[in-house]
Amino acid sequence: MIEAINKFLDGSTDGMIALQTLLTAIPAISPSSGGEGEDKKARALLGWLKEQGFSDIKQYDVPDDKVPSGVRPNLVVTIPGRESGSVFWLMSHTDIVPPGEMKFWETDPFKATVKDGKIYGRGVEDNQQGLTASAFAALGLIRNGITPKRTVKLLFVADEEVGSDFGIKYLKDHFKLFSSSDLALVPDGGDEKGEQIEIAEKSLLWLKFTVKGKQCHASRPDQGVNAFEAGSYLVMRLTELRRIFPDRNPIFEPDYSTFCPTKQEANVPNINTIPGDDCFYLDCRVLPAVPLKRVLDEISSMMKETEKKYGVSVTVETVQCVESIPTPEDSPLVKALSQAVKDVYGANPHVVGIGGGTVGAFLRNEGVHTAVWSTIEETAHQPNEYCVLKNLVGDAKVMARLMLTL
Ligand SMILES: [Zn+2]
């Protein structure tokens, strides 16, 4: 079975280039980045999928009045498996980021150009490599009359680059697509040897602190309450969170939770006024083993202490809070992926965690074991973005193995 699929994939380079060429010619840029969304590209992809013989394709349109078509389309292609029940998802995104300054491009970003074993163009790596590889992996099974073990679903989502509100976030909130026994591969991140299997993210917490005191002339501090001074004290107290949560996890870099004061809003414009307001932000990236509730409790007691010490009032607002559930290292998904990467690339894969913020977290938080993996040279979002043809074929082989074994 594997031999037949590998033969099909080795002979599919031209077909892969053709799909990349088709998709690259239709920029799918978010309206917030000045584009018209994914509609035209999704239609072209849908046409291609039908032409290839995929028969079960569902489209999930998310309404968006900021694009001419009025919708942001998401596609799900189903290849029924031998065993009913749980699903193996392969999720990639159709949207791209703008090309940036054209003078840095050596080729037309919207015309796929093949040169020295690579395809150049905006989107060819991020995320059309994953998209194309997953489609051809499924074709490898279909063309050889092979039924996957569990049902395979190729998920092509919109809006990944700017927050996923019209993509995976909407799908999980409005359609019951995922179950906690599902497994998912997100081929949208990795390294050039295919050795990194990302299975976890730090939880993300962004907080906005507002300290209120009383403004007065700087010559009469006795008549006011200096919010800046109290805020500065609180900032230093907050950095002690690093000592309070000393946990380590070697799959992350750095291997500890981080708590960083970042942005501070401007206060008074002149030197001789004591500011009555102080407003600053804290960026926390917390190891998944530490519940955010514990972090928030510590922060709350530091705020109370500051209020008491300085006679100010302190409030906190959550700007963003994503508690992360890691995929276990011994998940069948991680084991099968490691083995497939070893077999196809002869590489030595290892699991990693990252500082937070990929679409993998949305699936993990639905209870779906999710690995982010691909073999890429990380040219995403750069001028002269490229996809290495050898990796495109190799990644398709890895995905086909997963379809057979999971
Ligand atoms: Zn991407």
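One-based numbering, in listed order, for ligands and for the atoms of each. Hydrogens, waters and symmetry mates play no part in the numbers below; they use all other heavy atoms, side chains included.
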Worksheet item: From Glu160, does some N, O or S atom reach closer than 2.8 Å to the Zn ion (ligand 1)?
Response: no
Worksheet item: Regarding Lys118 and the six-membered ring of Tyr386, is the cationic atom NZ or CZ under 6.0 Å from the ring centre and inside 45° of its axis?
Response: yes
Worksheet item: Short check: any N/O/S atom of Glu161 below 2.8 Å from the Zn ion (ligand 1)?
Response: no
Worksheet item: Hey, is Asp61 close enough to Arg72 for a salt bridge, meaning N to O under 4.0 Å?
Response: no
Fill in: Lys172 NZ/CZ over Phe178 ring centroid, <6.0 Å and within 45° of normal
no
Worksheet item: Taking 4.0 angstrom as the limit, do Arg243 and Glu240 come out as a salt bridge?
Response: yes
Worksheet item: So which N/O/S atom does Asp126 have closest to the Zn ion (ligand 1)?
Response: OD1
Item to complete: Among the N/O/S atoms of His93, select the one at the shortest distance from the Zn ion (ligand 1) and name it.
Response: NE2
